[in-house]
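The chains referred to below are lettered A, B, ... by the order of the sequence lines, with proteins before strands, and numbering in each begins at 1.
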Number of protein chains: 2
Amino acid sequence: MIVIDYRDRRPIYEQIVERFQELILKNVLEPDSQLPSVRSLAMDLSINPNTIQRAYVELERQGYIYSVQGKGSFVSENERLVLKKKEEILDEAVKLAKVAREFGMKKEEFIRVIIDEFGEVS
Amino acid sequence: MIVIDYRDRRPIYEQIVERFQELILKNVLEPDSQLPSVRSLAMDLSINPNTIQRAYVELERQGYIYSVQGKGSFVSENERLVLKKKEEILDEAVKLAKVAREFGMKKEEFIRVIIDEFGEVS
DNA sequence: TAACTGTACTAATATTAATAATACAGTTGA
DNA sequence: TCAACTGTATTATTAATATTAGTACAGTTA
């Protein structure tokens, strides 16, 4: 479920956070389902439990999960999170379009590859 | 010309590399014009000359500049670099579009913000 | 009550960016 | 010629931070 890329320069806990965000936003992990425990996931990934803990703290801070002492960590409802994520994607798209324009790229040239990705038929 | 952002988590030399890439690609620095010397730029930015050296080595490796011992470092011809940069931007756009689609975003919704950025008239 | 859970804390280690201090070689202009 | 610039190279040290290690405590569950 979680894979660590040691060539990735970002810290491990950040990779874990991002991966769970993805799984939660895509509903692979359903609301209220339980995440692996701090210790068991650390075992699976052969890393320190503290690193997992740090990732879970961050996920909780961002609203992706909630933790109950003695019971475990669970996936939050994600409707609001999906909306937030979509906004972030749009923000990135705007930034990228701005850069493209600054480098003299034509609107058609830029949009063409996007339409291709989405598929021609709307 | 160059500004260091200490809140940026990326290393200083990487910020410098990126900034010069931008200045060169946008033709703010013209081909064959001379870059500030390793030592003088280090003085200006109040950082160590080795950090600048590292940035210049990287810029030379990527083809953005060429260095001549005893003379200085100079901007390369940039036509090829601009093409490469445009390809990179398009690659990013495709990746982002893919993510947007994965999160169930509508094509129109995604393209709308881009069109707005470029301006309605083509 | 044993075996799980999360949570908290301190200390040690590893990695890497950045600094510091030199040294050497080539260029330039007075 | 030579002082004052350039780039280049090397080694050592410092600083910052991610990660590990170890331990402890509190709540839950079968």
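- Rounded to whole angstrom, the span from the CD atom of Glu58(A) across to the P atom of dA18(D) amounts to 12 Å.
- When side chains are defined from C-beta on, Ile16(A) counts as touching Ile47(A), because their heavy atoms get closer than 4.5 Å.
- Rounded to an integer number of Å, the gap from CD1 of Ile52(A) to P of dC4(C) is 18 Å.
- Sorted by residue number, the members of residues 7-15 of chain A with any non-hydrogen atom under 4.0 Å from DNA chain D read Pro11(A), Ile12(A), Tyr13(A).
- Going from atom CD of Gln53(B) over to atom P of dA17(C) covers 15 Å, rounded to whole Å.
- Surrounding NZ of Lys26(B) are more than 12 heavy atoms belonging to other residues, nucleotides or ligands, all under 6.0 Å away.
- Here the side chains of Leu41(A) and Leu35(A) are not in contact, with every heavy-atom distance at 4.5 Å or above.
- For the pair Met1(A) and Asp44(A), the minimum side-chain heavy-atom distance is 4.5 Å or more.
- Put simply, Ser73(B) has a side-chain N or O that comes within less than 4.0 Å of OP1 or OP2 on dG7(D).
- Take the nearest nucleotide of DNA chain D for Leu35(B) and for Thr51(A): the residue whose nucleotide is more 5' is Leu35(B).
- Straight-line distance from the OH atom of Tyr56(B) to the C1' atom of dA18(C): 17 Å, rounded to whole Å.
- At the phosphate of dG6(C), neither OP1 nor OP2 sits under 4.0 Å from any side-chain N or O atom of Ser67(A).
- The interatomic distance linking Phe74(A) (CZ) with dG6(C) (P) rounds to 8 Å, in whole Å.
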**OP:** Go along nucleotides 22-30 of chain D 5' to 3' and tag each nucleotide: B for a protein heavy atom under 4.0 Å from its base, S when only backbone or sugar atoms are that close, - otherwise.
**Re:** B-B-BBSS-

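- Inter-residue side-chain proximity for Asp32(B) and Tyr66(B) is flagged as met; some heavy-atom pair is nearer than 4.5 Å.
- The side-chain heavy atoms of Ile12(A) and Leu45(A), taken from C-beta on, include no pair separated by under 4.5 Å.
- Contact annotation: the side chain of Val99(B) never approaches that of Glu92(A) to less than 4.5 Å [non-hydrogen atoms, C-beta and beyond].
- Taking CD from Glu18(B) and CG from Asp8(B), the interatomic distance works out to 8.0 Å, rounded to the nearest 0.5 Å.
- Straight-line distance from the CG atom of Asp5(B) to the P atom of dA17(C): 17 Å, rounded to whole Å.
- In this structure, CZ of Arg54(B) is placed 16 Å from C1' of dA20(C), rounded to the nearest angstrom.
- Inter-residue side-chain proximity for Val75(A) and Phe20(A) is flagged as unmet; no heavy-atom pair is nearer than 4.5 Å.
- Rounded to a whole Å, the CD atom of Gln34(A) is 10 Å from the C1' atom of dC4(C).
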